[in-house]
Each structure stands twice: as C-alpha cells, then as structure tokens.
Amino acid sequence: MLGWKTGAIAMLIDSHCHIHLMDLEPDEGDVLRPIQRAREAGVKRMLCVSTERADIPVVKALAAQHADISASVGIHPSESMKEVTTTDELLAWANDDNVVAIGETGLDYYYNKGDYSQMQRSFREHVQVARACKKPLIIHTRDAVDDTMSILREEGADQVGGVMHCFTESLAMAEDAMALGFYISFSGIVTFKNAKNVQAVAEGVPLGRMLIETDAPWLAPVPHRGKQNEPAFVAHVAEYLAELKGVAVDELIRITGKNACDCFGWKGNA
C-alpha cells in the first residue's frame with residue numbers, strides 16, 4: 001500500500017469482477033469471505049458480470065442477497081460461438097432492478113479463430129437489448145478493433161454508452177470509444193512491468209472517463225500477480241494509476257467511483 005487507508009475512502013468500486021467464478025479456500029463454504037475482504041479493504045460496490053447462460057441466475061442471486069453487489073447479464077464473445085441466445089432471452093434476463101448493465105459482450109479474435117458471424121450477431125443483439133432496456137454495455141474486445149467499433153456505431157451504442165472493460169487496445173481506439181460515450185476500464189494488467197502499452201493508454205485517458213476493475217478471479221495486480229484475484233485487490237489498481245497519473249489516490253478513487261456511479265446509475269456517494 002502507498003500509505004493511505006482504504007477504509008476511509010467512500011468511492012472505491014470494483015466495476016468488473018466474477019465473484020461467482022472464484023476458487024474458494026478450503027474452509028470456505030460460499031463466496032462471503034471474498035466479499036467481506038473487499039468490504040474490509042474499503043470497496044463499496046462490486047459489479048458481478050456474467051459470461052455464459054449458467055452464470056445468469058448466480059450473479060442475479062448474489063446481487064439480490066448483497067446490497068453492495070450489482071449484476072450484469074450477457075454472453076462473453078467466446079461463449080457466444082457455442083451458446084445461441086435470443087433478444088427475448090436477453091431482455092428477460094435484464095428485466096431486474098439489480099441488473100445494471102448488459103454484457104460482457106463484444107468481439108474476441110485473439111482466442112477465437114474461424115467464422116465470426118455468430119459472435120458478431122450476438123454482439124449486435126446485446127447492443128440492441130441495451131438500447132431497448134436503456135442499460136449500459138460492458139464490452140470485451142481483443143484484436144477486433146475495426147469490427148468492434150463498426151458494430152457499436154451501426155447499432156447505435158452511443159445511445160447507452162458503457163465500458164470498454166479490461167482495456168488493452170490502443171489509445172486511438174479508446175478515444176473512438178470515449179466519443180461514443182464509453183468509459184475505459186483498467187484492470188491489474190496496468191500494474192504489470194511488461195504492460196507498457198496499457199500504461200501509455202492510461203496516461204492518455206482523462207480521469208473523467210476512467211474506471212478501475214479487477215476482472216477477478218483473473219489478472220491479479222502486483223503485488224499479488226500469479227495468485228487468484230479478488231475484488232479487494234482493486235485498491236492496488238487505484239494506487240498504481242494514481243501514481244501514473246500524478247494525482248492523490250483518494251482523488252483517483254473519488255473520480256473513478258463517481259464515474260462508475262454515473263455509468264451504472266448507482267445512487268448516493270457510491
């Protein structure tokens with residue numbers, strides 16, 4: 001830590017995690033301990049994001065049980081090549097006050113090769129559903145810059161905006177996404193020594209368009225790299241970005257917390 005107390009910070013938010021996918025410690029019977037550790041670290045809200053159909057009832061149940069957890073519903077681009085969904089299904093999943101976003105959705109040409117037509121169709125449907133229910137999008141994009149931005153523009157994603165989650169692409173893409181009303185979210189990757197490109201993008205993204213996340217249980221930030229990630233570790237992402245941007249940690253947390261509240265419609269100070 002860099003000498004500040006997370007418990008005193010009102011706006012520390014993990015804007016993207018998958019608590020339901022964490023490997024639990026041997027003496028844990030549920031996900032309550034990771035949630036409690038996040039609270040003890042000063043995390044005031046967590047957005048638990050689905051990636052496949054089986055996740056939907058789980059993330060919605062977590063959000064129903066915990067006032068500081070919200071849910072996002074959608075099918076990850078990799079899963080969309082295996083799971084066919086309909087707009088009616090997506091709309092039904094989204095019809096819940098605890099569901100504050102649609103996704104994660106998008107395009108991933110890095111881990112998936114071949115015919116992308118089904119992935120692209122699913123992406124378009126997610127954008128259409130987001131517009132229909134007036135909820136922001138959570139976008140996963142990898143090695144698919146042109147197609148991602150084209151679909152966002154063609155489907156009117158600027159009407160709802162959202163988040164470019166765990167961003168690892170170029171500053172030019174970030175600027176195009178921000179022009180459509182999207183926030184740029186940085187995960188523990190930004191703390192890695194070899195992530196110079198991500199660090200350069202973070203330097204160029206204004207604080208007013210920045211979010212922070214863990215993407216737990218993956219991509220644990222330094223000093224926990226290689227371990228299972230968890231929402232409590234979002235504090236380390238905040239610390240690193242504050243130093244990179246040359247601002248006080250509490251200021252970065254205040255601004256990114258307000259950004260998350262604005263994006264997801266959370267009321268109050270967090």
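Fair warning: this is a prediction, and the values are worked out from it, not measured in the lab.
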**Asked** Who passes side chain to side chain contact (heavy atoms under 4.5 Å, CB included) against Ala130, sequence neighbours left out?
**Response**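 By the side chain to side chain contact (heavy atoms under 4.5 Å, CB included) rule, Ala130 matches Ile102, Leu137, Val160.
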**Request:** For Ser72 and Ala101, indicate whether the former's side chain and the latter's backbone hold a donor-acceptor pair under 3.5 Å.
**Result:**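 Yes.
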**Request:** Spell out, as yes or no, whether a donor-acceptor pair under 3.5 Å connects the side chain of His18 to the backbone of Val49.
**Result:**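 Yes.
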**Asked** Can you list every pair that meets salt bridge (charged side-chain N to carboxylate O under 4.0 Å, His left out) and has a residue in residues 148-171, with sequence neighbours left out?
**Response**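 Checked against salt bridge (charged side-chain N to carboxylate O under 4.0 Å, His left out) - neighbours excluded - the pairs reaching residues 148-171 are Arg124-Glu154, Arg124-Glu155, Arg153-Asp176.
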**Request:** Scan for salt bridge (charged side-chain N to carboxylate O under 4.0 Å, His left out) pairs involving residues 71-82, sequence neighbours excluded, and state none if there are none.
**Result:**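 Listed once each, the pairs are Glu79-Lys82.
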**Prompt:** Which residue pairs satisfy the side chain to side chain donor-acceptor pair (under 3.5 Å) criterion with at least one member in residues 221-230, sequence neighbours excluded?
**Reply:**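 Residue pairs passing side chain to side chain donor-acceptor pair (under 3.5 Å), neighbours aside: Arg37-Glu230, His224-His236.
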**Request:** Could you name each residue pair satisfying side chain to side chain donor-acceptor pair (under 3.5 Å) that touches residues 88-101, not counting sequence neighbours?
**Result:**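 Qualifying pairs, neighbours excluded: Arg53-Glu89.
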**Asked** Should Asp250 and Arg254 be marked as a salt bridge (Lys or Arg N to Asp or Glu O under 4.0 Å) after you check the CA-CA gap, both sets of side-chain angles, and the distance that decides it?
**Response** CA-CA 6 Å; Asp250 57 351; Arg254 183 188 68 79; over 6 Å; no
**Request:** Dump the intermediate steps for side-chain hydrogen bond (donor to acceptor under 3.5 Å, both in side chains) on Gln36 and Arg33, then the final yes or no.
**Result:** CA-CA 5 Å; Gln36 186 58 37; Arg33 289 191 183 177; over 6 Å; no
**Request:** From the options Lys44, Arg39, Arg45, select the one residue that forms a side chain to side chain donor-acceptor pair (under 3.5 Å) with Asp68.
**Result:**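 It is Arg39; the other options fail the test.
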**Asp146 atom CG: more than 12 heavy-atom contacts under 6.0 Å** =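 Check fails, neighbour count at 12 or below.
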**Request:** Take atom NZ of Lys113 as the centre, draw a 6.0 Å sphere, and report whether it contains more than 12 heavy atoms from other residues, nucleotides or ligands.
**Result:**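 More than 12 within 6.0 Å, yes.
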**Message:** Would you say Asp147 and Tyr109 are linked by a side-chain donor-acceptor pair, where the criterion is simply a distance under 3.5 Å?
**Reply:**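 Yes.
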**Request:** Tell me, please, which residues at least two apart from His66 pass ring pair (Phe, Tyr, Trp, His ring centres under 6.0 Å).
**Result:**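 By the ring pair (Phe, Tyr, Trp, His ring centres under 6.0 Å) rule, His66 matches no residue at all.
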**Prompt:** Do the ring planes of Phe264 and Trp266 sit parallel (below 30°), tilted (30 to 60°) or perpendicular (above 60°)?
**Reply:**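 Plane angle between 30° and 60°, so tilted.
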